[in-house]
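Read through the structure below, which is laid out as structure tokens, and then see the notes.
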Amino acid sequence: MQEITIDWIEPLWYGSIFLGSGGGGKSELLASVLYKALQNRSIPLLTLDELPENNFFCGVGLLGSPELSEESLPSGMEARIIIEELEKHTGAKFKGISIVEGAGVNIFYPLLTALQTGLPVTDGDAMGRAFPELQMTTYHLENLTVTPLVLIDSNYNLHLFLDKQDTFLLELNTRQIISQQGGVGYFAGFPYPGSVLKRVLLPGTLTFAREIGECFLQADNYRELFSLLLEVTSNSFYGPVVEIFQGTVTNISTYEITKWKAATLISPKGEKLQLLFQYENLLAFKNGNMVASVPDLISAIDLNKLKPVNNNEIYEGQQLALLGLPAPLRLRISKALDVVGPQCFGYRTIYVPLEKLYWDYYHKKEVFS
Amino acid sequence: MRKAFIDSFIDSLKETFGVVTNLPEKCFSFISLPKTGYRVWAPPCTPTCPEGTACPYELILSFKLEEDIFVVALPKNIDRDLKLTPAFLVKFLLTVLEMLYIPEQKSDNLLIAEALQFLANQFNIEFFLFDNKGQLILSQTHSPIQLSTFTLWEKVSQTGEPEGFIKTRWGNFYYRIFTKDGITTGSIVWKTEPTKQEENKFLFHDDSFFTIPGKNPRFLEIKDLVRQIAVTDSTVLLQGESGTGKELFARYIHYLSPRKNHPFIAINCAAIPDNLLESELFGYEDGSFTGARRGGKPGKFELANGGTIFLDEIGDMPLQLQAKLLRVLENRQVERIGATVSRPIDVRIIAATNKDLKELIDAKLFREDLFFRLNVFPVFIPPLRERRDDIPLLLDFYLKNVCLEQDKPFKVFSPEAIQILQNYNWPGNIRELKNVVTYAVSICKGDKIILHYLPKYLQNGFSSSKSQFGEVKTTHPIIQVDQLKDQLEILLAKYGNSTQSKKLIAQELGISLATLYRWLRKYHLR
């Protein structure tokens with residue numbers, strides 16, 4: 001069994017931004033809280049193989065606006081309340097915390113919860129990246145419900161979703177409560193035993209995030225960073241990272257009435273890239289042709305700072321490299337594309353895997369044959 | 001009967017290839033007919049022939065069948081739509097040789113190897129010769145391979161036709177599948193036209209990458225070791241069971257070395273007849289033997305100059321060649337057959353074997369001094385069953401690649417299937433795993449590969465003895481020995497005990513027939 005110690009926090013932070021694919025919320029403050037808390041402590045981290053078959057775990061996370069959560073940071077106390085409440089309604093005594101969204105703030109919030117409760121966390125999550133909605137998980141692939149779920153809003157009101165209900169509907173209901181009650185909330189749900197989590201969760205997300213983050217700590221220049229990332233991603237359940245674009249942000253447009261946003265980047269050669277995002281980066285078009293599509297990850301790196309950046313850190317004039325990372329296979333099968341494909345975000349395009357968009361790149365070298 | 005056979009053979013040659021069967025009398029004073037087997041000339045047959053380059057024939061082939069000698073010639077300007085491309089000649093020669101050897105019952109591999117040897121000498125053809133399991137026996141290319149050779153073989157195997165034409169991203173290929181008694185014995189794939197230079201440009205682009213998937217701690221240590229060795233110029237000896245990826249490691253070492261932009265030449269010492277291996281490795285001078293190419297031919301050592309030569313199955317190299325190899329290792333010079341002078345070479349040598357060389361040394365089948373020369377950096381590649389924790393990652397890796405290659409929507413293995421595959425013994429190692437993935441992808445219609453889509457021997461052997469997912473204890477992997485024995489028993493019960501059945505069993509396990517026999521002996525299952 002591994003342990004998450006203070007050494008994990010900085011690389012995990014960079015990794016969480018990278019896997020956030022532009023979204024997932026800013027995790028800096030939460031990471032710093034953990035950094036302090038882990039001075040003399042550690043959190044047990046269980047690989048999926050190590051999960052006890054019959055012990056129940058619950059998934060925790062933040063819903064709503066991570067930015068608002070920064071104004072009043074969660075203490076982890078609210079997690080105790082919702083977990084205890086969930087225990088009351090399920091009759092289960094939770095022996096660990098599972099991660100739902102292994103990116104952004106939702107990598108760190110379960111760690112904070114684990115510290116408060118003294119429980120171990122799973123090295124695996126149900127998204128493999130950041131996604132904005134509750135149904136966009138691998139639980140959906142196994143037809144497993146999110147409920148019973150307990151939600152606590154920023155006024156410490158508890159909201160219970162105990163009956164089995166459609167996950168899309170649950171997403172709408174929770175979102176409505178959050179928007180009425182301060183814009184941010186925390187949930188405990190997905191109550192499942194280790195035996196179920198073993199087949200549902202994507203393995204090794206936390207260690208992978210850490211490995212990604214280590215690349216940012218080690219690299220002295222972009223070229224080195226890219227080759228480190230290439231090595232780490234090639235030997236993972238994701239796939240080799242590919243460079244989509246390098247250029248300067250020239251325009252960021254937002255449409256007030258919708259969540260649709262777009263950024264335009266121009267390369268030194270005059271090539272134009274349009275990045276379409278909502279919370280996360282979802283599609284990229286280079287000179288009018290699609291060059292990446294959700295659920296594959298599109299992550300931005302600030303070329304001057306050589307660090308991954310979140311979409312709300314992007315500004316005009318910033319020099320960025322956009323990298324594409326193939327999503328884990330389980331997010332790319334047709335049943336998964338029903339909930340995480342481009343059409344689920346309102347776009348009319350279909351998903352095309354990075355390996356097809358960059359066929360020559362991915363096949364130029366003979367790999368294990 | 002024989003006469004009828006020969007007549008129909010000649011007729012079919014005439015019809016298919018438009019060959020000439022009667023050469024002018026004057027030709028016979030310039031060519032000496034074979035006493036056994038066959039002989040081939042690419043005119044002008046001798047420097048003294050008055051016709052010289054004006055000879056109307058592209059290729060003259062003479063062969064002896066029992067007591068009769070036959071001569072056929074391919075005219076340069078065939079009055080048909082056929083073009084005399086090297087590829088066409090491959091086809092022609094193979095047809096002739098195949099027909100020729102049918103009455104003599106010669107072994108197929110020898111037949112193919114001889115034909116190829118000739119072709120490799122005479123023409124600049126890029127070709128790949130595979131055995132029935134898709135393992136590369138011999139290849140000749142002028143450029144780095146841009147797609148996996150296994151993929152090439154797979155494409156050919158999937159066509160369902162004994163010969164034809166396939167398109168790949170790396171260019172177009174003709175292929176021919178060899179069968180004997182209805183069982184595939186091998187295949188040859190050759191390029192219809194040479195690789196264009198510009199196609200290769202991006203190959204040496206800095207951002208090219210190379211993946212050997214695996215996170216098992218011991219495997220990672222080996223990868224680290226290999227990375228350190230790679231930058232040196234030392235000889236490496238790779239040891240591991242068949243199918244563990246020894247050639248991949250050899251390529252990996254080459255790729256990480258300063259020699260990466262120079263040739264990587266691989267040769268399987270066990271797959272080439274002893275008499276050909278010498279000329280293949282060391283080359284020969286003009287006029288060294290019958291059928292030799294004019295001007296001589298460089299051996300693989302010379303071709304690998306500046307780069308890396310990979311000697312696979314080194315344990316199968318004949319003793320007399322071992323002595324010659326030892327001299328190369330000591331002096332860094334090669335001597336072509338029939339040559340009087342040595343040529344200096346700058347080659348890094350990577351050897352591999354799945355045999356215990358120490359045992360071979362005791363049995364006087366391998367030179368001890370050569371062993372010490374080769375064993376500078378020994379690398380042991382663990383079998384798959386010793387890194388079971390990597391199986392899910394490897395399944396994922398191949399599943400993704402196979403789906404992309406076959407242009408199918410992505411699929412995943414069900415947890416139950418992964419459980420069975422993770423507990424399985426994998427005697428054929430990575431190669432067998434890849435075969436299982438390819439099989440499953442080919443027959444699975446949905447997006448989830450359940451037990452039903454695994455090869456039957458996996459389903460029969462293990463699904464019944466396992467409880468459903470969720471109740472399975474995550475204890476240590478099942479002891480492999482018993483499992484292997486059980487599995488062999490299941491396969492024998494399924495296929496039977498005949499030689500043909502054993503070939504099928506070996507194929508299914510992704511191992512050689514020899515290995516299968518060894519295991520059967522070991523478990524007293526014969």
Side-chain angles (χ1 to χ4, degrees), chain A residues 47-54 138 141-142 193-196 198-200 202-204 207-208 211 223 226-227 229-231 233-243 326-338 351 353-356 359-369, chain B residues 134 136 144-153 169-170 202-203 205-215 220 223 245 247-248 251-252 255 389 392-394 396-401 403-405 407 409-416 418-419 430 434 446-448 469-474:
Chain A
T47 64
L48 298 192
D49 283 341
E50 289 168 339
L51 298 183
E53 297 278 324
N54 300 318
T138 48
L141 304 183
E142 298 290 329
S195 58
V196 171
K198 277 179 188 190
R199 62 178 168 150
V200 173
L202 298 163
T207 38
F208 181 64
E211 284 172 18
R223 200 184 175 81
F226 186 83
S227 58
L229 286 171
L230 189 57
E231 194 173 320
T233 53
S234 297
N235 196 16
S236 74
F237 284 96
Y238 291 71
V241 74
V242 60
E243 185 185 80
L329 208 41
R330 260 193 276 167
L331 298 179
R332 309 208 268 175
I333 60 173
S334 56
K335 188 167 181 187
L337 295 175
D338 289 345
Y351 167 66
L354 283 169
E355 291 93 333
K356 286 199 174 168
W359 187 269
D360 286 348
Y361 173 79
Y362 280 102
H363 294 81
K364 70 191 167 186
K365 265 288 165 193
E366 186 174 337
V367 286
F368 216 127
S369 63
Chain B
L136 197 62
I145 308 169
Q146 288 175 30
L147 77 170
S148 93
T149 51
F150 190 80
T151 307
L152 197 61
W153 175 78
R169 284 169 293 100
W170 191 41
F202 64 91
L203 267 170
H205 195 261
D206 283 352
D207 291 337
S208 55
F209 59 93
F210 202 108
T211 310
I212 300 187
K215 295 195 143 200
L220 286 177
K223 269 164 73 173
E247 178 165 350
L248 181 82
R251 286 183 190 275
Y252 188 54
Y255 170 75
D389 44 343
L393 181 66
L394 289 163
D396 194 89
F397 179 85
Y398 288 112
L399 187 52
K400 198 164 16 187
N401 287 341
C403 289
L404 285 164
E405 289 288 349
D407 201 20
F410 287 118
K411 298 171 194 301
V412 288
F413 280 103
S414 73
E416 292 78 6
I418 291 180
Q419 181 89 23
I430 308 276
K434 207 178 159 190
D447 55 12
K448 195 175 249 187
F469 187 88
E471 297 156 29
V472 180
K473 293 243 161 47
T474 50

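Hydrogens, waters and symmetry mates play no part in the numbers below; they use all other heavy atoms, side chains included. A note on names: the letters A, B, ... follow the listed sequences, proteins ahead of strands, and every chain is numbered from 1.
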Are side-chain heavy atoms of A:N235 and B:L220 found at a separation under 4.5 Å? yes
Would you mind checking which part of A:S227 comes under 4.5 Å of any heavy atom in chain B, side chain (CB onward), backbone (N, CA, C, O), both or neither? neither
Enter the distance from B:E405:CD to A:E355:CD here, rounded to the nearest 0.5 Å. 11.0 Å
By a 4.5 Å heavy-atom criterion (distance strictly below it), what part of B:K400 contacts chain A: side chain, backbone, both, or neither? both
Residue, of A:R332, A:E243, A:E50, that accumulates the most heavy atom pairs under 4.5 Å with chain B: A:R332
Point-to-point distance, once rounded to the nearest 0.5 Å, from CG of B:D407 to NZ of A:K356: 4.0 Å
Give me the atom names and distance for the closest heavy-atom approach of A:W359 to B:L404. CH2-O, 3.7 Å
Separation between NZ of B:K215 and CD of A:E211, rounded to the nearest 0.5 Å: 3.5 Å
At their closest point, which heavy atom of B:F410 faces which heavy atom of A:I333, and how far apart are they? O-CG2, 3.4 Å
Reported CZ-to-CD distance for the pair A:R199 and B:Q419, which is rounded to 0.5 angstrom: 11.5 Å
dist B:D447:CG -> A:K335:NZ (nearest 0.5 Å) comes out at 8.0 Å
Quick one: OG on A:S236 to CG on B:L393, what's the gap to the nearest 0.5 Å? 7.5 Å
